[in-house]
Colleague: 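Structure in structure tokens, see below.
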Amino acid sequence: LLLIIVAVVLGLSLRQNTNKLKPTFIARCQEFKGYDCEKMWDVFEQAYVGRDPCDVPMEAYDPFIAAAPLKPACNRMMFWSKTKNLVHDFTEKRDCYVTVEDSLLGSVLDGLTWCGKEGSSETFTTGCPRWTDCVNNTVRSFWNRVSTAFADVACGDVTAMLNGSIVTPFHPASIFASIEVKRFDYPRVQSLNVVLVTQKKTVTNCTNASLKDLQKELDQGITYNCEEVTETQIQDCSSHPEKPCGACW
Ligand code: APR
């Protein structure tokens with residue numbers, strides 16, 4: 001009897017999880033005007049339903065990306081690596097920069113997990129491969145694809161918030177290093193401004209070896225800048241909307 005109860009509870013909770021992704025997607029999508037969100041969901045699902053969740057290449061999301069093309073916001077585009085919470089706290093409170101998670105495509109799936117299964121037409125939110133379990137997993141391929149699209153429309157002076165509390169702020173395996181930086185083309189992109197977020201007990205500064213690699217990676221013509229900025233300074237700007245964006249650091 002205990003086994004049956006456990007099985008039923010497990011089954012119910014799994015089913016509940018399964019049904020939560022679509023309402024979240026639709027609700028977040030509706031924050032953006034002019035899109036047919038049911039249609040967006042259908043196009044999204046086509047990328048992975050019925051497929052092995054470890055065998056979804058990033059190209060599978062091409063139709064989804066095409067359904068809501070990313071808009072360039074020259075001089076205001078913000079990239080990041082290992083600084084997610086700080087960056088989004090800042091972009092949420094201040095209208096200075098835009099991240100991919102502020103776009104429709106990034107916003108509808110931010111923080112979510114989903115996958116399909118061979119021989120099934122359902123969307124699952126549990127039992128999906130984790131980020132590093134396999135290269136072509138449903139979630140990772142989506143972020144690779146949407147990040148490619150975001151970097152492809154980057155223009156003017158772009159900013160990247162990197163984490164100065166780790167030894168390798170520009171890590172080769174990150175999306176920022178492995179995908180985004182490679183797609184910054186001169187003269188579409190004029191400069192890359194690294195904001196290296198430091199804390200009281202800081203580990204790195206702008207002379208960091210991985211940042212040398214970043215400079216080497218940049219397309220000829222793109223100007224590189226690096227600034228060490230304390231986390232407190234950024235939080236201060238988040239909570240003082242009267243402070244001009246240009247005075248944040
Ligand atoms: N496990 C789970 N999720 C991961 C993992 C992992 N090992 N690695 C990355 N992610 C997901 C998480 O959602 C995480 O918040 O990718 C996000 C970013 O990972 P980071 O390593 O912090 O940074 P990076 O890989 O450089 O990606 C950030 O890509 O999303 C775009 O434009 C955005 O510039 C940004 C960059």
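Indexing begins at 1, ligand by ligand and atom by atom, following the structure's order.
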Colleague: Evaluate salt bridge (charged side-chain N to carboxylate O under 4.0 Å, His left out) for Asp110 paired with Lys84, printing each intermediate quantity in order.
Modeller: CA-CA 11 Å; Asp110 191 17; Lys84 190 174 201 259; 2.8 Å; yes
Colleague: Look only at interatomic distance and state if Phe79 has a nitrogen or oxygen under 3.5 Å from any nitrogen or oxygen of ligand 1.
Modeller: no
Colleague: Answer side chain, backbone, both or neither: which part of Ser174 comes under 4.0 Å from ligand 1, heavy atoms only.
Modeller: both
Colleague: Quickly, which of Tyr224, Phe150, Phe79 forms a ring-ring contact (aromatic ring centres under 6.0 Å, His included) with Phe184? Name it, please.
Modeller: Phe79
Colleague: Looking at non-hydrogen atoms alone, which of Ser178, Gly106, Ser81 comes nearest to atom 23 (O) of ligand 1?
Modeller: Ser81
Colleague: Anything under 30° is parallel, anything over 60° is perpendicular, the rest tilted; go ahead and classify Trp114 against Tyr61.
Modeller: perpendicular
Colleague: Below 30° counts as parallel, above 60° as perpendicular, anything between as tilted: where do the rings of Phe90 and Tyr97 land?
Modeller: tilted
Colleague: Does Lys84 reach ligand 1 with a nitrogen or oxygen that is under 3.5 Å from one of the ligand's nitrogen or oxygen atoms?
Modeller: no
Colleague: For ligand 1, indicate whether the residue Arg130 contacts it via side chain, backbone, both or neither (heavy-atom separation under 4.0 Å).
Modeller: neither
Colleague: Assess the pair Phe142 and Tyr48: is the distance between their ring centroids shorter than 6.0 Å?
Modeller: no
Colleague: May I ask you to list the atoms of ligand 1 that are less than 4.0 angstrom from any heavy atom of Glu101?
Modeller: 30 (O)
Colleague: Identify the closest protein heavy atom to atom 32 (O) of ligand 1: which residue and atom is it, and at what distance?
Modeller: Glu180 OE2, 2.6 Å
Colleague: Suppose we screen for salt bridge (Lys or Arg N to Asp or Glu O under 4.0 Å). Which residues come up paired with Asp102, at least two apart in sequence or across chains?
Modeller: none
Colleague: Which is closest to atom 24 (P) of ligand 1 in terms of heavy atoms, Val181, Val139, Ile175, Asn137?
Modeller: Ile175
Colleague: Against heavy atoms of Ser147, which atoms of ligand 1 measure under 4.0 Å?
Modeller: 29 (O), 30 (O), 31 (C)
Colleague: Any nitrogen or oxygen of Lys82, main chain or side chain, under 3.5 Å from a nitrogen or oxygen of ligand 1?
Modeller: yes
Colleague: To the nearest 0.1 Å, how far is atom 4 (C) of ligand 1 from its closest protein heavy atom, and which atom is that?
Modeller: Trp131 CD2, 3.3 Å
Colleague: Run the side-chain contact (heavy atoms from CB on, under 4.5 Å) check on Lys117 and Glu122 step by step: do they pass?
Modeller: CA-CA 7 Å; Lys117 199 192 267 182; Glu122 273 186 83; over 6 Å; no
Colleague: When you look at NZ of Lys39, are more than 12 heavy atoms from neighbouring residues, nucleotides or ligands closer to it than 6.0 Å?
Modeller: no
Colleague: I'd like to know whether ligand 1 has Thr99 as a neighbour, heavy-atom separation below 4.0 Å.
Modeller: no
Colleague: Run the salt bridge (Lys or Arg N to Asp or Glu O under 4.0 Å) test against Lys182 and tell me which residues pass, sequence neighbours left out.
Modeller: Glu217
Colleague: Quick test of your reading of the structure: of Phe170, Trp80, Phe150, Phe176, whose heavy atom lies closest to atom 14 (C) of ligand 1?
Modeller: Trp80
